[in-house]
Amino acid sequence: MVRLEAIRLEQVRKTFGTVAANDGVHLDLQFGEVLALLGENGSGKTTLMNMLSGIYQPDGGAIYVRGQRAQIRSPRDARRLGVGMVHQHFKLVDSFTALENIVLGPGGGTLRAARAKIEAMCGEFGFPFRPDQRVRDMSVGEKQTVEIQKLLYRGADILILDEPTAVLTPQESAVLFAMLRRLRDSGQAVIIITHKLSEVLEISDRVTVLRRGRSVATVPTAETNAARLTELMVGRPVDLKISRPACPQAPELLRIQQLTVKNEEGYALRDVSFSLAGGEILGVAGIAGCGQKELCETIAGLQKAESGGILFDGQDILGHSPADIIRRGISMSFIPEDRLGMGLVAPMNIIDNMLLKTFRHARGPLLRRAAARAMAQKIIAELEIATPGPHTPVRQLSGGNVQKVLLGREIESNPRLLITAYPVRGLDTHTSFAIYDLLNRQKQNGVGILFIGEDLDVLLELCDRVLVLCRGECMGIVDARQTTKEELGLMMTGSRLQQAQRGKGAAE
Amino acid sequence: MIRIVKRPEAGRRRNLLIWAGAFVLALLAGAAFLALLGQKPWEIYGMILKGAFVGSRRNPLSAIQATIVKFVPLLLVSLGLTLAFQMRFWNIGGEGQMILGAIAASAFALYTPNLPQPLLAILMLLAGCAAGGLWALLPAVCKVRLGVNETLFTLMMNYVALYLVAYLQSGPWQRTPGFASVGSFSENIRLPKLFGVHIGWLLALALTALIWAYLRHTKQGYELRVAGESQTTARYAGMRVGRIVLRTMFFSGAVCGLAGMIQVAGIDYTLSTGVTGGVGFTGITLAWLAQLNPPAIALAAAVFSILEKGSSSIPPDIMAAEAAQVLQSILLFSFLICEFFRRYAIRWRAAKP
Ligand SMILES: Nc1ncnc2c1ncn2[C@@H]1O[C@H](COP(=O)(O)OP(=O)(O)OP(=O)(O)O)[C@@H](O)[C@H]1O
Ligand SMILES: [Mg+2]
């Protein structure tokens, strides 16, 4: 079958100040294929795609769309050329319906004419379409579908998705992939960025690998595997195994007693109880939005609880603000999900972000930056953070590097209890493994770790025990060495532990 | 169709160059306006500079001294507002806080005019700061406790302060019946002079350095910048956001109050409704123009006061005072436009493909 070329990049270069985000990048994309773009954090994937969608202009090189040399000066130019991009942060209007979001904007036409057209389009691709649902009532997966429908409606046949699965549950990802396959089979060209190698292998036809802004290889997916791809990304072979060191049983560190938390919609957490010892990693599994965020934030003192107890070393800290908790000398670190919104100060540089938790320790009214500077340099080196230096504002770092800054800071504070919500979300494989190692080292030092995860394989390999949440209720706590993905899956969808085991037994 | 898009951030060197360029462009825009009026632009600019720096034959320093007199309150108020703005607290109440500082200082001038001069000066200074600070604290408390919008609140408090002065002038503090005036204060309250100008200028410059250091190098300054960027992050880090807001607003108002006290004890030697000269509002523009950076604010305030003083000394038969005002606005406005283009680019395009 003769394929048509959708996109070709030649020697594309883009620099920010002194940073060369892209340099000498080659890439080609055919219609009727899914191309995965792979690379470590800060290797320039987002920057490259932003040039295709008209957000940035290249400093050098050439872009060809459908074989024609193209100047993409704005998202509108991109749209005219049939290029559409779904950004990691959705650009939908919350109070509008799906239909309104898809149609409104220049050249959208009338709502009524559009409705029939979109319905036809969705029928053709087998997409779910609920035109009158408001965006604010949608799940992340549904929002993403609307973003894609919007691009298709606007005539895009070259689709770019920047880390679309980072915020999706495995189930939602499966739905997305089915959608992408249908698009591919009907002749659309798709570029997908993801850090999850299993997804790359599952969905793509070819893979282009970027390393430090350069394109180092393009390989057919069928002829490669996870280890080889990682080696291409990093430049040397890396070991992709998560270890689970055994630690001597330490005394109980944290006990949660019948914790109940309410939010606007009702119960966010209901009667959740568990305990966590030092030297242990307790995983929390669950479909997104099942109370994980509330659990973390309530322990950290950022949310109020209806009832229950949070005992840290036997001391009840429920109802204390983070300020109180710090003042009582409770050594706890929380790595929140929303890194730039909560854990870090976006316009401040890395050094000043290091100060966030420690600035109080210095005596007198003045800030002491020397220690923070040393710490910044240390984590830049240890976690291989891609940045021109410690004086770079965190906002200018790539998504993964932002996470490394936050994680590095919290681990440096030597907490006894570490709460991490999706710590490897948006991180490349290599770095994710470095993070698992780091967590394991903390565990070996006797730190108790509450690990909110999404990848079941990782939860099973890394954690000692796994607690499963479903709609704010604890479905049971299982030994990670003895349970299976299927059992976790059943519990995540609402079966209690015993039921899940019985179900499994019956199936056997 | 016009679209406005954000530019990528530029380096510090480039920014400095752009600002220098913006300054030149602003001068050119002003020149174009002057040319339209049939003036010779460079002569008028020359006159402005001369008016701001070169005094009379008898007292060659008089012009520069008058420029500094304009410079001091402008700088102080901009600095005060900057503290609040860094915390993203929209303090539009610089006028009112400055007036309260002036009222408190005047109370000492009226009731204890015979204290030893240094003691009196210190008391007036403390009273001015405290009054401005407390005046600013009221909207801050309402914001923290009740979530009242501070923008409107601080703005309205300006008028309350203004009418308070009007009441005092024609009420309890009236000097001669029939005249709405508190009269001239005793010589004893006047601030000492240094190089022919009251020492307020020294205070203002010292405060510039102090506030710069406060923001960059103290724990409190760090806290207020974090809280300004994200209250959630501040809470996450164990900061007491309410307390930070109250403290910062007190300081913000106190610095504005200091400006009022200096105006009374250094220049006016009386209390009138015109005590602020509008700097509470001009200060807002300057603070943002200088990106809330104290040294840059000092520079902006200097340029602005040179313009003010210089253009006010152009003889009216050459150019009307109103024209001079328009010129000033054009300069400021052109600079702001350049600043806008530093951050955003405009894309022109045909209406439809
Ligand atoms: N607006 C910007 N200003 C300055 N530097 C930038 C800007 N955007 C990106 N960079 C730098 O360019 C490099 C590439 O960033 P980019 O966001 O493209 O990486 P990425 O491959 O998408 O990484 P990640 O997987 O972490 O999202 C990084 O070093 C980043 O710090
Ligand atoms: Mg990216």
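Residue numbering restarts at 1 for every chain, and letters A, B, ... go by the order of the sequence lines.
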Point to revise | Candidate pair A:Q303 and A:V261, rule side chain to side chain contact (heavy atoms under 4.5 Å, CB included), full reasoning | key: CA-CA 8 Å; A:Q303 279 217 20; A:V261 177; 3.7 Å; yes
Check your understanding: Non-hydrogen atoms of chain A under 4.5 Å away: do they reach the side chain of B:R240, the backbone, both or neither?
Key ->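 The side chain, not the backbone.
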Exercise for review: Check the pair A:L295 / A:I419 against side chain to side chain contact (heavy atoms under 4.5 Å, CB included), numbers first and verdict last.
Suggested key: CA-CA 10 Å; A:L295 179 64; A:I419 304 170; over 6 Å; no
Review point. So which of B:Q231, B:M239, B:H217 has the biggest tally of heavy-atom pairs under 4.5 Å with chain A?
Key: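 Looking at each of B:Q231, B:M239, B:H217 in turn, B:H217 comes out on top.
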Quick one: do [X] and [Y] make a salt bridge, cutoff under 4.0 Å?
X	Y	value
A:R425	A:E337	yes
A:R373	A:D352	no
A:K14	A:D23	no

Proximal component of [X], with respect to chain B [non-hydrogen, under 4.5 Å]:
X	answer
A:A346	neither
A:P347	side chain
A:R369	side chain
A:L302	both
A:I55	neither

Practice item. Walk me through it: do A:V394 and A:N349 pass the test side chain to side chain contact (heavy atoms under 4.5 Å, CB included)? Key: CA-CA 5 Å; A:V394 172; A:N349 65 27; over 6 Å; no
Check your understanding: Under 3.5 Å, is there a donor-acceptor pair between the A:S398 and A:N401 side chains?
Key ->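 Yes, A:N401 and A:S398 have a side-chain donor paired with an acceptor closer than 3.5 Å.
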**Study point:** Flag for B:N91-B:S252: side-chain donor and acceptor within less than 3.5 Å
**Key:**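 Result is yes, a qualifying pair exists.
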Check your understanding: Does the side chain of A:D162 come within less than 4.5 Å of A:K45's, by heavy atoms?
Key ->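 Side-chain contact under 4.5 Å: no.
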Exercise for review: Over all heavy atoms of both residues, which pair between A:L318 and A:T298 is shortest? Give the atoms and the distance, please.
Suggested key: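 For A:L318 and A:T298, the tightest heavy-atom pair comes out as CD1-CG2, 4.2 Å.
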Check your understanding: Looking at A:G389 and A:I350, what are the two nearest heavy atoms and their distance?
Key ->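 For A:G389 versus A:I350, the nearest heavy atoms are O-CD1, 3.9 Å.
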Review point. Passes side chain to side chain donor-acceptor pair (under 3.5 Å), A:Q315 versus A:R328? Steps please.
Key: CA-CA 10 Å; A:Q315 195 183 148; A:R328 284 164 178 259; 3.0 Å; yes
Practice item. Please list, in residue-number order, every residue in residues 408-417 of chain A that has a heavy atom less than 4.5 Å from any heavy atom of chain B; write 'none' if there are none. Key: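 Listed by number, the contacting residues are A:R409, A:E410.
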Check your understanding: Do the rings of B:F251 and B:Y214 sit parallel, tilted or perpendicular, given the 30° and 60° boundaries?
Key ->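 Perpendicular, since the angle between the ring planes exceeds 60°.
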Review point. Among A:G341, A:A300, A:S321, who wins on heavy-atom pairs under 4.5 Å with chain B?
Key: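 Top count of heavy-atom pairs under 4.5 Å with chain B: A:G341.
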Practice item. Report, by ascending residue number, the residues of residues 218-229 of chain B in heavy-atom contact with chain A at a distance under 4.5 Å; give 'none' if the set is empty. Key: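 Within residues 218-229 of chain B, the residues under 4.5 Å from chain A are B:T218, B:K219, B:Y222, B:E223, B:R225, B:V226, B:E229.
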